[in-house]
Structures are given as structure tokens and as C-alpha cells.
**Q** 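I have a structure I would like to understand better, so I am pasting it below and will then ask my questions one at a time.
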Number of protein chains: 2
Amino acid sequence: MAVVASHFLLPPLCLPPPSSRTASHYSVSPKRPPPIMAASSSSPSLTDPQYGGGRSRFMEFPHVSAPHRDLMVELVSAVEARLDSYLLPCTLPPDVQYYENQSGTAQATLHVRSGHDSSPEQLGMELSEPGSTLNKIDFVLGSWIHCQLPSGGALNITSLSTYLNPSTDAPNFLIELIRSSPTSLVLILDLPPRKDLALHPDYLQTFYEDTKLESRRQLLEKIPESQPYFSSSLYIRCIVSPTAIMTRIETEAGGVERMEEILQSHVGPVAMEVLGIWLDQCAFGEREVGDSEISYLEKRDRLIRSKTIEIDLGSSLPRLFGPETAGRVLEAMRGVFK
Amino acid sequence: MAVVASHFLLPPLCLPPPSSRTASHYSVSPKRPPPIMAASSSSPSLTDPQYGGGRSRFMEFPHVSAPHRDLMVELVSAVEARLDSYLLPCTLPPDVQYYENQSGTAQATLHVRSGHDSSPEQLGMELSEPGSTLNKIDFVLGSWIHCQLPSGGALNITSLSTYLNPSTDAPNFLIELIRSSPTSLVLILDLPPRKDLALHPDYLQTFYEDTKLESRRQLLEKIPESQPYFSSSLYIRCIVSPTAIMTRIETEAGGVERMEEILQSHVGPVAMEVLGIWLDQCAFGEREVGDSEISYLEKRDRLIRSKTIEIDLGSSLPRLFGPETAGRVLEAMRGVFK
């Protein structure tokens, strides 16, 4: 059941302000302008019934602990604050934004906001980042899955990932928290590279060495309850960066309180820092590519997305939600990933 | 001092038979013909004075424990048994085959055997593998480094790596054992890929999934004294495979005996198995590439080798052996890696 949905789960943006507690808890890029939380004139209302209330349901994270939920809300809020004017509203069908199995023991949300084809300026929209005229955002994807376990416990996975388009070769962003019990956490946090790092040491230098991502990985490695996590999929291991945080944290001895402390005091701050690096250096970095590289990036991005869906969801989603629901969700996912 | 010489250390081949103990201890590819230990008619005598006795000095591994030495000798012997007729003798200058610092506290050997430009058949040589007409071997490189530490102990590194040429895209082989004390071992054991695995899932399947290399990694991961090892170089992390064994084993509680037991009963058998997979699937696998791919492989191989020398040896060798000796060895290394 490990990494049932890695890379799949990601919050759509256009969300409510985070709780005041998390807002003061994690800060990202204080030098940046304040978030633009209001929907722009060209966006449908966030409460538009056509969206089926999927976004607010997604943002509830109803089955995880307060520190876990706070972190997810804070992450989504930070992305939205910076990228809102570059993104369309989520247009997935309501029965893909929220779905469950027949017995109601498994529930999930999926929210995706694609980037505009045109830049915000071209659309006459207010820019959230002055000077960022080119829209590099392909889409932002978020989700949670909740699944009752035969043992009486529950599996909860929450995830957020952001994908850039081939106008830039900068890395994507991914965070996934997998909880098979209140005292267990598998954390995947990374800026997955979009080039072969062995062949592009300058890219490694720019996005992984100069940004000191390794120091963040080491911070979490030092938590006494933490040990490295190896994905059972070799392909997933191949598409993460050398500074990927892939860790399993077990706090049976310290109980739920210790896990919540770790989420709040260690995982949260590191996750927000990594997201801040992604926003500053990747989403808004000056890194555009020429025509010759675009087809390479298109090919590599497409292959990784296709393999990721197959590995993460191809077998687990039908098992959890039945073939019909899984088919509907997978079809929608493939549409987004194309 | 971690990974002072990763990838750099590798035994030249053309060695004496392993000790009877190790010979019976680790077996590789029993279905293969017996090793051809005698030098072929076109090779200079293995005791030819022009080689300065460097090979026999290398094969002594004089500063490591018996199980460690036995494993290295067995590995080199296995490579030589299969590849001898494809390799030239080592022609490095004697003062590169063996070198030391002025005070004699640091000593090292370096042995390299390059592949023939022509196939053994074209040279009229006896083939060690019937039917293997194309010489895919670029070179085989081995070494040990011994360095007395100010603390009174010693650092010992032994290594063997094999490099294929661009007529095939099959992975290389690498093993390195780093001992900073008799109860400490860092082991790096891998078939480093020669393509971007994210873009070539079929290659991942062939060389890493179908060969079940992950099960070998897991065997060593389960040793209680073992924990994952992260190279301090992000670039080194990028060039290893997803099944790379990168582990640190500390046996302070169990003492030297426990380390020797681990080397003999766990590390040795796994290392010989991984080498056997490389020999069967890579060195003698049917995997040749077209002209269009050769320039890609040449570029990628060249870059990785150049970066590897720079990272592993560029700063550590001058520090250990002084600038003059280090310069001589590095120049010879660059010549080989070209």
C-alpha cells in the first residue's frame, strides 16, 4: 500500500486563508508581496456551484490531525498567494473532485488548476508578481485520500504538486504525507528535476547546490525517529532529485503528541522553506529555454507523468474505489497530465 | 574524508589465483568456462619488469583484513577470468602504479587495463567467451589507498570499477570499500547506468528490475549494523542507480570479528552476485547501440568521468600525497578516462 498515490495528490488552488495559527507558524518569502486572495475578474466565483464545492471539501482535510491539516492548508495558501493570477479555476467534474467507494470506507478529493495559456498581462489581469509576464505554470494538483483499514485504523494521504510547462526547464515541486497510523508518517518532499542531472551539472548546481536543499534534508534526517524511506518503485526513485526528502518517521514510543510536534516544529518549517525555494527559483526564476530544448522537455515530462500515473494509481485506485470510479478519475488525470 | 576516492580505485586485471579460501567462498557464474589465467601470446609477461611489479603490489591489499583482501582478490579474479582476452596489460608508469607521500604515511596503487581496440578474434587470440566478438570493454580500473590518521588509526580504501565503451549502453560496475577503522565500513556497490533512467524505463526494467538488484540491496540493508550512506557529493548521488548499495556499517559493539563476519557472510556474496550480473548482462549481454546513440553515450560517459575525477580526487589527492605526486596521478587518470 506504500505510496498509493504519490505525485497524484495535489490541492487545487483558490483557497480560503489559512488558519491564523498556521499562518503565524510557517512563513515563506517574507520579501514577497501579500497574497492576492480575491478571484480575478476573469475567474468564476470560487463558490460557483459548477465546481460542486470540491475545493472547499478538499481544503477541509477532514481526516488528519490539526498540525497535518494546518501544514497542507499553509502550503496550498502559499502556492495560491503567488500563482493565483496564472491559474484557471478547477474544472474537473464534481464526481472526480470528490469520490468514494460504494461502502463509503474510502474517500478522496482531487483538485487541479491549470495554467492560463496566455500570460496574466495578456489577459489584462492583475499580476501577483510584477514583471512575471510569461506563464510557466502547467498545472497545480492536490488531493487527499482517506481509507479505513481492516485493522480498524485508517490510511490518509495528502499531497500537493506543481508542474511547470516546457517554456522553462526548472524543477517541479512535490510533497506527499502518507499516514498509515497516527504515529507513522512517510514524507516525500522534493523538487523533481526535469533534466538528466548526470549530464547537466550546472543545473544541479543552480537548483540543488546553490539552494542548499541538502541542508533541509539533513535537518529531517537528524530527527531521532526518522529513517530513510525507499519507494518500492524503482522508477519513482529515478525521478526524484539527490536532495529529495524521502523519510519514514515512527513515533510509537513518543505517541501521537510527538508526531504532532515533529509535524509542527520540523516537517512544517522545512516543507515551507522548500516550497519557498521552488516559488522563488523555479516558478519565478529567470530560466527560459530555447526551441531546441522544448521538445526534449515535452518528451521527458510526458513520459514521467504517464509512468507516474501508471505506477501510483493504475492498480491501487481500482482496488480502493472499484473499477468504475477509478476509471473515471484516471481518465481525468490523464487528461490533465497530457 | 568520506569517499576520498570513489570510482577511482580499481584493480587492473591479470592477477594471481585467489586464495583457496575465498575461491571456495564466493562463486560467480558457475555456468561459465573456467578463467583463462595465463597471459595470451600477444600480452607481455605479467612479471615483465616494465610494469614495475605494480600489479602484484596492488593485489597484495596489504593494509586491510583478510576477509576484505579476500573479497577484493576474488572480485578482480572474477573479472579477469571473464575479460582477460579483451584487455591489454596495465601500462601506467611505475610511479603511478604505486605512489606514496614524502613521509610514507600515505601509500596507494592504481592499476588500469584498457580494452583492445580490436576484438580478440581479430587479434587471433583465444576467446574467454565463445561468440563474444565485439570488444565492449573500455577499461578496468582498480586501486587501494592507505593513509595513516593523526588519531593513530588508518583510512583504507579499496576499489574496482569497470567501464564499457560506447558500442553498448549497458551499465558499468563499481565497488568501493572505505574503512576509517577496523569496525567501520562504507560500501558503495552499483551498476551505474549510462542513460537517463527517467527517460528510459525499458533500460531500468532490463538492468535493474529484471535482474532483481533491489533484493541484493535489501539483503545488506537488513544487517542490523547497517544504515544508508549519503555521499557528500550530490553529483555522485546522481550517477548511481536506484538500486545502488550505499551503506555504512558500524560494528563497534560487536568488534572487529563482527565486521569480518559481515564482510565474509553478507557483503562478499552480494558483491560477487552483483558482479556476476554485470558480467552476464552487461559485459556479455547482447546490447549494442546504433550510430545515433554513440555520440550521446560518448558525451555522457566523458562528462561523468571528468566530473568524477574532479570530485573524488581533485582536492583529496593533493592533500594526501602532495601536489607533484597528485598531479602525476591525476594526469594519468585523465588520460585513461579520455
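None of these values were measured; they are calculated from a predicted model. Reminder, nothing fancy here: chain letters follow the sequence lines and each chain counts from 1.
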**Q** Side chain, backbone, both or neither: which part of A/L303 has a non-hydrogen atom closer than 4.5 Å to chain B?
**A**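 Side chain only.
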**Q** Check each atom of A/L204 against the heavy atoms of chain B and say whether the ones under 4.5 Å are side chain, backbone, both or neither.
**A**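 Contact with chain B: side chain only.
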**Q** Is A/R237 reaching over with its side chain to a backbone N or O of B/P242, donor-acceptor style, under 3.5 angstrom?
**A**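 Yes, A/R237 side chain to B/P242 backbone: donor-acceptor pair under 3.5 Å.
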**Q** Do any N or O atoms from the side chain of B/Y235 and from the backbone of A/A198 form a donor-acceptor pair under 3.5 angstrom?
**A** yes
**Q** Can you tell which part of A/E214 gets under 4.5 Å to a heavy atom of chain B, answering side chain, backbone, both or neither?
**A**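 When you check distances to chain B, only side chain atoms of A/E214 fall under 4.5 Å.
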**Q** Please look at B/E221 and chain A and tell me whether the side chain, the backbone, both or neither of the residue comes under 4.5 angstrom of a heavy atom of that chain.
**A** side chain
**Q** How many angstroms lie between CG in A/L234 and CZ in B/R217, if you round to the nearest 0.5 Å?
**A** 9.0 Å
**Q** Less than 4.5 Å to any heavy atom of chain B: does that hold for the side chain of A/Q227, its backbone, both, or neither?
**A**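 Nothing of A/Q227, per the 4.5 Å heavy-atom cut-off to chain B.
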**Q** Looking at B/K195 and A/D196, is there a salt bridge between them, counting it only when a charged N and a carboxylate O are closer than 4.0 Å?
**A**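 B/K195 and A/D196: not salt-bridged.
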**Q** Is it the case that over 12 heavy atoms from other parts of the model lie below 6.0 angstrom from the CD atom of B/E252?
**A** no
**Q** Between A/F230 and B/Q218, is the side chain to side chain contact (heavy atoms under 4.5 Å, CB included) condition met? List the steps.
**A** CA-CA 10 Å; A/F230 290 84; B/Q218 289 182 5; over 6 Å; no
